[in-house]
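So the structure is just underneath, and the comments pick up after that.
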Amino acid sequence: MKQITSFEQYQQEYKRSIETPEAFWSEQAEEFMWYKKWDSVLDWNFDEPNVKWFIGGKLNITENCLDRHLIQKGDQVAIVWEPNHPDAETRKITYKELHAEVCRFANVLKRNGAKKGDRICIYMPMIPELAIAVLACARIGAIHSVVFGGFSFKSLADRIQDADCAIVITADGVFRGTKDIQLKAIVDEALETCPSVKRTIVFKHIHSDIVMKKDRDVWWHDEIQFVSSDCKPEVMDSEDPLFILYTSGSTGKPKGVVHSTAGYMVSVDYTFRNVFQYKDGDIYWCTADVGWITGHSYLVYGPLLAGATTLMFEGIPTFPDAGRFWQVIDKHKVNIFYTAPTAIRSLEAMGLQYVKPYKLNSLKVLGTVGEPINEEAWHWYNENIGKKNCPIVDTYWQTETAAIMISPLAGITETKPGFATFPLPGIQPALLDEKGAELSGNNVEGRLCYKFPWPGMIRTTYGNHERCKEAYFATYKGYYFTGDGCKRDEDGYYRITGRVDDVIKVSGHLLGTAEVENAINEHPDIVESAVVGFPHDIKGWGIYAFVICENERKDVDSLKREIIQTVTKYMGAIAKPDKIQIVKGLPKTRSGKIMRRILRKIAENDFSNLGDTSTLLDPSVVEDIKAGAQ
Ligand code: WTA
């Protein structure tokens, strides 16, 4: 496996990748199986935006994830599955078996009318069939849209409608800790408003009693009996969309980020191999759900492209107790462990008694993703999990980038706690000031942008190219804007300082404040709401909602409970507000715009510098809000 092996080599590769990006990326792309190689490497223009890589190339990504490994690694385990309950049976699926299962399910999709270019929604638990469904879509050239299993029926319906999906793949339910969640019932409710869906394919997982709708719902285990395990991969163009994944933005409606086939493959494979320094035989575990980009890129595609063994875990870190992650690491002798800072902080808070019983001596590399990691959590992770023996890769990237952008290379880059360190080869960051001027040199802080394309970058937002332009390319002309603030210190190390727009990272999940407000406003007594983030010890950021009630309600506690239930119903439990304050009015300018800056300060309990409030329509609301702040 080709990897960078020293910091000097990283520096040389970086230099080469900037001076001759086309040659650099062609070389990375050479390793794959192509039906036809590309005619030209890159065509781009950030104004439209138009980005194309490996133009004219023909391939199928599943051939590179599966068929390519069959001769040498056919009997190697591709997926290790650890169930929710520690006493339930582990599953191990070899590359040969995975190949056969993917082909079989691809034939099931075809049997049910799926064709190249169709959108297929996947709403499933963290079980191997989720990965099989994803790969089966890619095998036949259908575009998968995985929706996180924790989203509510309404969020699911919005995503199915936006992508105009014809098929939904789901399961009867999912085990999570001591609970089981009836996924199929949520799908049924969503589909009441999704006429495009003609078929649902249901995997029997928890064996609960569910209702199958005639002429619409079929069982996975029935369908699989009608098909063979031969399925020739569909020939895809480099730029054919591989998948859509919805992410939150500053408007109330999530954006369907569209990724291409070849560019995605090349970026994800390159970053997986180099960042984690995966060695043949290593057991690699990424704890992210496949419903998020981390699960797409570093649980399914990245490891399989590299011929790795990837562990998939159905459960939660605190069941049966807060030592579960560490128990799984010892049980499967995990070598590389990749998780989120919020998980580290919450397990740290539970105490070392949950870590002590485990050896953790198989670990070689630790990773984090999703939000800035605070120094304290970094040290706890380093000392108690890595035993000061495992390099920590703090990987910075986004749904839109598909792959890691700024990160140490494990064991190669000297790390600093809280710093994502340096851009990977091929990545050209720029820090801009508020006026859009690029800040040069070190010891600067600005807004993080990229000035040159990389193969895995977002191509469009599904069904609305203008929105893609608006959201990422219009703020600073000629640049892709991340929405994050960033520092470059005196040694040139990058440190992400957090979002500078109207989205909040709650436990590593990106939530648009407008989306949460829309959900709150579904409550019949709420006329208006404003949501901001506030620093939270475990979650990174918590949700603070200011709400205006139509009819004065004396039973404030039950109203708050109802608001939480409403948000859970319309968005999902991840968007539940941590604090709710009932207010008489919101600080608005004369043009009606909510001054969120003021609300953010109040939510952070910082009343010192609220700025000029005299331009507000009604400055007295601020005093009122301050008086009731929590
Ligand atoms: C944040 C997750 C600091 C950032 C892969 C980014 C991070 C957003 C880091 C994307 C990190 C991700 N350090 N912040 N290592 N990784 N972020 O789309 O704000 O769910 O813009 O992708 O997470 O979140 P998304």
Side-chain angles (χ1 to χ4, degrees), residues 146-148 150-151 243-250 254-259 264 267-268 271-272 275-276 286-299 301-302 338-345 366-375 377-378 381 392-408 413 415-424 427 429 447-450 456-458 461 471-472 475 480-487 493-513 515 533 539-541 574-575:
V146 183
V147 177
F148 171 56
F151 275 128
F243 66 85
I244 305 172
L245 185 59
Y246 285 85
T247 188
S248 296
S250 26
K255 299 172 279 212
V257 172
V258 177
H259 283 297
Y264 176 82
S267 278
V268 167
T271 51
F272 175 78
V275 170
F276 298 105
C286 164
T287 67
D289 194 286
V290 178
W292 308 107
I293 191 68
T294 307
H296 280 63
S297 299
Y298 298 109
L299 194 159
Y301 284 112
Y338 190 30
T339 194
T342 188
I344 299 168
R345 286 192 298 264
L366 300 176
T368 70
V369 58
E371 53 182 318
I373 177 158
N374 48 313
E375 284 196 33
W378 193 98
Y381 197 33
I392 298 180
V393 289
D394 174 354
T395 65
Y396 166 76
W397 56 296
Q398 306 178 292
T399 302
E400 297 83 349
T401 68
I404 299 169
M405 303 294 276
I406 304 181
S407 169
T413 311
T415 57
K416 284 191 193 183
F419 285 79
T421 73
F422 300 110
L424 296 183
I427 306 305
R447 290 162 176 229
L448 177 59
C449 295
Y450 302 107
M457 75 184 294
I458 180 173
T461 44
Y472 308 105
T475 317
Y480 166 94
F481 175 41
T482 60
D484 287 306
C486 181
K487 260 184 199 155
Y493 277 62
Y494 287 79
R495 177 189 195 122
I496 309 302
T497 53
R499 303 294 308 187
V500 295
D501 54 6
D502 282 336
V503 298
I504 327 174
K505 268 267 159 170
V506 181
S507 300
H509 301 321
L510 204 64
L511 297 175
T513 52
E515 274 175 85
K539 298 178 172 185
W541 287 91
I574 52 171

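Whatever order the structure lists them in is the order used to number ligands and atoms, beginning at 1. Counting begins at 1 with the first residue of the sequence.
K416 places no side-chain N or O within donor-acceptor distance of the main-chain N or O of F419, the cut-off being under 3.5 Å. Side-chain atoms of H259 do not come within 3.5 Å of backbone N or O of I244 as any donor-acceptor pair.
Around ligand 1 you find I293, T294, V369, G370, E371, P372, D394, T395, Y396, W397, Q398, T399, D484, I496, R499, K505, each with a heavy-atom distance below 4.0 Å.
Contact detail for I293 and Q398: the closest heavy-atom pair is CG2-C, 4.3 Å. Between A288 and G295, the shortest heavy-atom distance links the atoms CB-N, 3.9 Å.
Partners of R495 according to the side-chain hydrogen bond (donor to acceptor under 3.5 Å, both in side chains) rule, which considers only residues two or more places apart in sequence or in another chain, do not exist here.
Paired with P408 under the rule side chain to side chain contact (heavy atoms under 4.5 Å, CB included), one option of T413, T395, I392 passes, and it is T413.
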